[in-house]
Amino acid sequence: MDMREGPERIFDSVATVAEAVDARAAGAAVLAGGTWIMRDPRRGVALPERIVALSKIAELQRVDVLDDRVSIGAAVTHAGLAQAINGLAGLEGLAAAATGAANPAIRRVATVGGNLCTLDFAAADLVPALLALDAQVELMVADGGRILPISTFLAERAVLLKTALLTRVIVPRAATASAHVRLPLRKAGDYPVAIVSVARASGGAIRVAVGSVEPVARRWTALEDELSGKAVTPEETQALAEKTNDFMGRDGIEAEGWYRREVLPALVRRAFAALQKGGAA
Ligand SMILES: Cc1cc2nc3c(=O)[nH]c(=O)nc-3n(C[C@H](O)[C@H](O)[C@H](O)COP(=O)(O)OP(=O)(O)OC[C@H]3O[C@@H](n4cnc5c(N)ncnc54)[C@H](O)[C@@H]3O)c2cc1C
């Protein structure tokens with residue numbers, strides 16, 4: 001372990017997950033790509049006194065594509081993920097999320113784990129894409145690891161991440177097609193105002209997830225129920241989305257809550273049109 005101690009801060013640069021977990025147990029916060037954490041002082045949040053960096057842990061940089069699932073290391077960057085899953089049937093939505101988020105410089109550095117673990121960031125693109133694909137996350141703490149559904153992780157992450165290291169995201173290859181559409185406003189920089197991710201399972205079941213509209217992304221189960229067992233056109237999905245729109249939009253500097261909510265049905269139509277074309281938006 002290479003440890004440099006400054007006047008105010010301890011920085012651990014470790015080579016293994018076990019060492020990172022030990023550092024966490026000793027109170028270290030995680031530094032992944034740093035694109036979010038480095039801006040904490042500008043948000044009035046003090047940088048942690050002790051930090052463990054993940055960039056030298058080879059195991060966390062891997063994407064393993066298997067027949068039934070894809071395992072994504074937490075420190076894989078958006079660009080790395082996009083490259084690794086490019087062309088994989090069923091994962092078009094996740095690839096679009098990794099390719100469309102932020103800008104090229106951020107995508108080369110920002111990680112999958114960082115996108116999932118940033119607590120106060122509603123506009124994370126990978127989160128709805130992974131919800132639609134029914135992904136799981138692997139967490140490690142000093143006394144062992146556990147795998148849990150991403151929805152459970154999102155509900156409990158503020159508590160879980162006080163001690164845990166997110167090590168992997170596991171995406172089942174159960175979808176035949178998926179799509180991810182987002183509405184950015186230029187004046188809002190690169191953050192999307194609203195995001196809709198959809199996936200179709202091999203049995204025909206549809207999953208829909210929405211990001212950036214509420215403080216935390218979630219599945220749109222009322223719409224999924226309406227769509228169950230039906231063959232519908234993209235225009236019909238828009239009408240069903242208008243009927244089942246139960247989102248409470250969050251107000252933010254780039255858009256008001258009502259607007260985020262109102263754009264959702266049109267995004268649903270676009271997402272289903274992309275799904276019909278095999279996921280290409
Ligand atoms: C200009 C700009 C535009 C952006 N636009 C978009 C966009 O359009 N869409 C989008 O989705 N995102 C966007 N982002 C956000 C960007 O994706 C996040 O900054 C990024 O996902 C955070 O990843 P990171 O690896 O840099 O995390 P870091 O900054 O290193 O960490 C972020 C948080 O997650 C924690 N953390 C990180 N990894 C782990 C782990 N493995 N286990 C436990 N905790 C962990 C850290 O402790 C910290 O609290 C943008 C960012 C910038 C700066």
Side-chain angles (χ1 to χ4, degrees), residues 11-14 17 20-21 23-25 27-43 45-57 59-62 72-82 93-94 96-131 137-141 145-146 148 153-154 156-169 180-186 188-195 197 209 211-212 216-217 252 254:
F11 184 86
D12 296 332
S13 182
V14 299
V17 167
V21 169
R24 286 241 66 191
V30 176
L31 175 74
T35 62
W36 187 270
I37 209 169
M38 286 307 175
R39 291 179 164 208
D40 274 353
R42 288 166 64 177
R43 298 184 197 98
V45 178
L47 285 173
E49 287 179 8
R50 182 166 186 160
I51 293 173
V52 59
L54 305 185
S55 59
K56 291 188 181 156
I57 306 178
E59 168 183 349
L60 298 184
Q61 327 281 336
R62 291 177 54 144
I72 305 162
V76 170
T77 64
H78 285 61
L81 175 62
L94 184 59
T99 309
N103 57 55
I106 297 289
R107 291 196 294 269
R108 279 195 290 275
V109 179
T111 66
V112 173
N115 205 243
L116 268 61
C117 295
T118 306
L119 294 180
D120 49 358
F121 182 43
D125 271 273
L126 298 181
V127 176
L130 290 166
L131 274 167
V137 301
E138 181 183 76
L139 299 176
M140 299 292 282
V141 290
R146 62 192 281 215
L148 62 170
F153 167 71
L154 292 173
E156 298 174 9
R157 68 182 167 174
V159 173
L160 293 168
L161 291 175
K162 287 185 194 301
T163 52
L165 175 73
L166 190 151
T167 45
R168 265 195 316 153
V169 178
H180 180 85
V181 299
R182 58 206 296 279
L183 179 69
L185 287 187
R186 194 153 286 280
D190 298 307
Y191 294 149
V193 164
I195 306 169
S197 300
S212 202
V216 181
E254 72 280 14

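Just follow the structure's listing: the first ligand is 1, and inside any ligand the first atom is 1. Just so you know, these numbers use all the heavy atoms, side chains as well, and skip hydrogens, waters and symmetry mates.
The environment of CZ in Arg43 is crowded: more than 12 heavy-atom neighbours from other residues, nucleotides or ligands sit within 6.0 Å.
Taking distance alone, with nitrogen or oxygen atoms compared against 3.5 Å, Arg24 stays at or beyond that limit from ligand 1. In terms of N/O distances under 3.5 Å, ligand 1 is not approached by Tyr191. For a threshold of 3.5 Å applied to N or O pairs, the pair formed by Gly33 and ligand 1 contains at least one separation below that value. Inclusion of Val30 in the set of residues having an N or O under 3.5 Å from an N or O of ligand 1 is warranted. Note: an N/O pair closer than 3.5 Å links Gly34 and ligand 1 by distance alone. Geometrically, ligand 1 and Asn103 share no nitrogen or oxygen pair separated by less than 3.5 Å. Residue Met38 has no N or O atom closer than 3.5 Å to an N or O atom of ligand 1.
Just one of Thr118, Val216, Leu116, Ile195 meets the side-chain contact (heavy atoms from CB on, under 4.5 Å) condition when paired with Val127; it is Leu116.
Atoms of ligand 1 found under 4.0 Å from any heavy atom of Cys117 (numbered from 1 in listed order, with element): 34 (O), 35 (C), 36 (N), 39 (C), 40 (C), 42 (N), 43 (C), 44 (N), 45 (C). Near Phe121, with a cut-off below 4.0 Å to any heavy atom, the atoms of ligand 1 are 10 (C), 11 (O), 12 (N), 13 (C), 14 (N), 15 (C).
Annotation: the span from Leu31 atom CG to Phe11 atom CZ amounts to 5.5 Å, rounded to 0.5 Å. In this structure, Leu161 CG and Glu156 CD are separated by 11.0 Å, a value rounded to the nearest 0.5 Å. Summarising the geometry, atom OG1 belonging to Thr111 is positioned 11.0 Å from atom CG belonging to Leu81; distances are rounded to the nearest 0.5 Å. Interatomic distance, Arg107 CZ to Thr77 OG1, rounded to the nearest 0.5 Å: 10.5 Å. The structure places NE2 of His78 at 8.0 Å from OG1 of Thr35, a figure rounded to the nearest 0.5 Å. The CG atom of Asp12 lies 11.0 Å from the CG atom of Leu54; values are rounded to the nearest 0.5 Å.
Taking 4.5 Å as the limit, some side-chain heavy atom of Arg24 sits within range of a side-chain heavy atom of Val30. Counting heavy atoms from C-beta on, the side chains of Arg39 and Val45 never come closer than 4.5 Å.
For the ligand labelled ligand 1, residue Ala123 lies inside the 4.0 Å heavy-atom shell. Using a non-hydrogen distance threshold of 4.0 Å, Leu54 registers as a contact of ligand 1. In this structure, Arg39 counts as a contact residue of ligand 1, since one of its heavy atoms falls inside 4.0 Å of the ligand. Look at Arg182 and you'll find a heavy atom under 4.0 Å from some atom of ligand 1.
With a 4.0 Å cut-off on non-hydrogen atoms, Ala74 touches ligand 1 through its side chain and not its backbone. For Leu161, every heavy-atom contact with ligand 1 shorter than 4.0 Å involves the side chain, none the backbone.
Checking Ala122, Ala102, Ala32 against atom 5 (N) of ligand 1, the nearest heavy atom belongs to Ala102. Distances from atom 37 (C) of ligand 1 to the heavy atoms of Gly73, Gly114, Ala28, Pro184 show the closest one on Gly114. Distances from atom 9 (N) of ligand 1 to the heavy atoms of Ile195, Val76, Asp125 show the closest one on Asp125. Distances from atom 41 (N) of ligand 1 to the heavy atoms of Leu116, Leu139, Leu166 put Leu166 nearest.
Considering every non-hydrogen atom in both Val14 and Val52, the closest pair reads CG2-CG2, 3.8 Å.
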